[in-house]
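Written out below as structure tokens is the structure these notes cover.
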Amino acid sequence: MTETFSDYVDCTPLLGDRAALDRFYDEHGYVYLRGALDRDLVRTAAEQMLEGLIALGHAAPGTTLDTLAIASYEAVDEVAMHDYVKYDELWNHPSTLKVWEQVFGEPVFVFKSTTIRYYPSAAGAAEPSFLTPLHQDGFYIGPNKDFRTAWIPLLPTTREIGGVALADGSHTQGPREHVVTERFRRFGHPVRGIPAERFGPDEQLLISPMEPGDVLLFHAFTCHKSIPNVSVAPAGMRMSMDTRIQPASSHRGFNALTPWPESAKDASKGILSKITGTPTTVE
């Protein structure tokens with residue numbers, strides 16, 4: 001596996017061509033759209049995240065998005081932060097739903113579960129354990145696999161600030177083995193990821209700098225991982241959100257219907273069961 005990244009392909013010009021957009025997605029397992037979402041809505045979500053960090057004592061009053069820096073992601077009460085970020089108002093805004101429906105070609109349902117991220121620079125330190133190893137969201141989330149993950153930056157990203165790197169076309173091989181990866185941990189448990197031998201040396205990782213309003217959507221079996229924030233001079237914040245979207249006509253499982261703060265409390269259901277290794281029939 002190479003760490004020499006190439007850029008995502010901008011699929012925005014394909015939005016008016018249903019057949020071409022579907023062909024690209026079927027071949028590559030992702031769609032990257034520049035400036036497709038309302039920037040004011042994205043800015044509002046960023047300001048709400050900032051408000052939460054100030055209210056919880058991790059940033060000083062008067063801090064702006066341009067000056068924001070926090071000491072530690074892990075020190076922040078992640079559940080409490082969800083009280084401040086009204087992400088459903090962005091995901092389900094009429095202008096946003098129009099984008100999702102252009103991508104899917106049909107009405108959609110947006111998951112109630114959203115992950116919010118606010119990672120300070122870790123330049124010079126060990127790779128943070130809260131990042132995610134190479135994995136497929138379809139391993140963690142079910143039971144149906146026709147959802148797509150939607151990932152957006154709330155502040156501009158660079159390759160140094162990090163984001164999500166995905167493997168072009170990796171979805172075509174279907175589900176892969178995931179094994180316990182001790183150095184990556186979530187909710188106190190080691191996270192399962194794809195072992196190196198299950199990822200081909202010719203599979204190319206993609207990541208591009210992104211701006212607020214950009215969105216990356218990818219297949220349930222697209223292999224992807226977090227890229228750490230190692231930015232310096234200046235050290236920037238990686239602030240992002242991700243959710244899942246599925247056809248409105250599809251089955252809605254536990255992860256689709258349960259807000260993240262609630263699902264994170266029960267290690268025997270949904271995504272937590274896959275992280276903890278607890279057998280469950282509730283997805």
Shortest non-hydrogen contact between [X] and [Y], atoms and distance:
| X | Y | value |
| --- | --- | --- |
| Ser231 | Gly236 | OG-N, 2.8 Å |
| Val230 | Ala123 | O-CB, 3.5 Å |
| Thr258 | Ser263 | CG2-N, 3.6 Å |
| Ala80 | Leu56 | CB-CD1, 4.0 Å |
| Met237 | Leu68 | CG-O, 3.3 Å |
| Pro13 | Asp10 | CD-O, 3.6 Å |

Practice task
Check step by step if side chain to side chain contact (heavy atoms under 4.5 Å, CB included) holds for Thr243 and Val110.
Solution key: CA-CA 8 Å; Thr243 191; Val110 182; 4.0 Å; yes

Handout entry: Shared hydrophobic cluster for Ile227 and Ile152 (ILVMFWY, side-chain gaps under 4.5 Å)
Key = yes

Handout entry: Within one Ile-Leu-Val-Met-Phe-Trp-Tyr cluster: Val282 and Ile141, side-chain cutoff 4.5 Å
Key = no

In the structure I gave you, are the side-chain heavy atoms of [X] and [Y] within less than 4.5 Å of one another anywhere?
| X | Y | value |
| --- | --- | --- |
| Arg159 | Asp7 | yes |
| Arg238 | Ser226 | yes |
| Val85 | Met241 | yes |
| Ile70 | Pro120 | yes |
| Met81 | Leu53 | yes |
| Trp260 | Val79 | yes |
| Tyr8 | Val164 | yes |
| Val215 | Trp151 | no |

Main chain of [Y], side chain of [X]: is a donor-acceptor contact present, judged purely on distance under 3.5 Å?
| X | Y | answer |
| --- | --- | --- |
| Thr157 | Pro209 | no |
| Asp214 | Glu211 | yes |
| Arg39 | Pro212 | yes |
| His224 | Thr222 | yes |
| His135 | Pro133 | yes |
| Ser250 | Gln246 | no |
| Thr181 | Arg192 | no |
| Asn255 | Ser113 | no |
| Thr149 | Arg244 | no |
| Gln136 | Phe221 | yes |

Handout entry: Full working for side chain to side chain contact (heavy atoms under 4.5 Å, CB included) between Phe199 and Leu134
Key = CA-CA 9 Å; Phe199 193 73; Leu134 193 72; 3.3 Å; yes

Exercise for the section: Show your reasoning for whether side chain to side chain contact (heavy atoms under 4.5 Å, CB included) applies to Phe111 and Leu257. Expected result: CA-CA 6 Å; Phe111 276 33; Leu257 295 172; over 6 Å; no

Exercise for the section: Applying salt bridge (charged side-chain N to carboxylate O under 4.0 Å, His left out), run through Arg186 and Glu74 and close with a yes or a no. Expected result: CA-CA 10 Å; Arg186 194 82 169 113; Glu74 295 172 298; over 6 Å; no

Handout entry: More than 12 heavy atoms from other groups under 6.0 Å of NZ on Lys145
Key = yes

Problem - Centroid separation Tyr119 to Phe130 less than 6.0 Å - result: yes

Handout entry: Tyr30 ring center within less than 6.0 Å of Phe218 ring center
Key = no

Practice task
Evaluate side-chain hydrogen bond (donor to acceptor under 3.5 Å, both in side chains) for His251 paired with Asn144, printing each intermediate quantity in order.
Solution key: CA-CA 7 Å; His251 172 77; Asn144 47 306; 5.0 Å; no

Output yes when [X] and [Y] qualify as a salt bridge under the 4.0 Å nitrogen-oxygen rule, no when they do not.
| X | Y | value |
| --- | --- | --- |
| Glu283 | Lys269 | no |
| Asp242 | Arg117 | yes |
| Arg43 | Glu47 | yes |

Value rounded to 0.5 Å, distance of [atom1] in [X] from [atom2] in [Y]:
| X | Y | atom1 | atom2 | value |
| --- | --- | --- | --- | --- |
| Ile161 | Asn229 | CD1 | CG | 6.0 Å |
| Tyr87 | Ile116 | OH | CD1 | 6.5 Å |
| Tyr84 | Gln48 | OH | CD | 12.0 Å |
| Asp137 | Ile271 | CG | CD1 | 7.0 Å |
| Gln204 | Leu166 | CD | CG | 10.0 Å |
| Cys11 | Tyr32 | SG | OH | 10.0 Å |

Problem - Cation-pi geometry met for Arg252 and Phe109 (6.0 Å, 45°) - result: yes

Handout entry: Residue pairs passing the ring-ring contact (aromatic ring centres under 6.0 Å, His included) test where at least one lies in residues 153-182, sequence neighbours excluded
Key = Phe139-His178, His171-His219

Practice task
Given side chain to side chain contact (heavy atoms under 4.5 Å, CB included), test Val31 with Leu21 step by step and report yes or no.
Solution key: CA-CA 8 Å; Val31 169; Leu21 189 65; 4.1 Å; yes

Give the table of side-chain donor-acceptor pairs shorter than 3.5 Å for residues 96-104, with sequence neighbours excluded, one pair per line with atom names and distance.
residue	atom	partner	partner atom	Å
Thr96	OG1	Leu90	O	2.7
Trp100	NE1	Trp91	O	3.1

Practice task
Determine the sole option in Lys225, Arg198, Arg176 for which the salt bridge (charged side-chain N to carboxylate O under 4.0 Å, His left out) test with Glu203 is passed.
Solution key: Arg176

Handout entry: Ser95 side chain to His93 side chain, donor-acceptor N/O pair below 3.5 angstrom
Key = yes

Exercise for the section: Please test Glu78 against Tyr73 for side-chain hydrogen bond (donor to acceptor under 3.5 Å, both in side chains), starting from the C-alpha separation and ending with a verdict. Expected result: CA-CA 9 Å; Glu78 193 170 353; Tyr73 166 76; 3.2 Å; yes

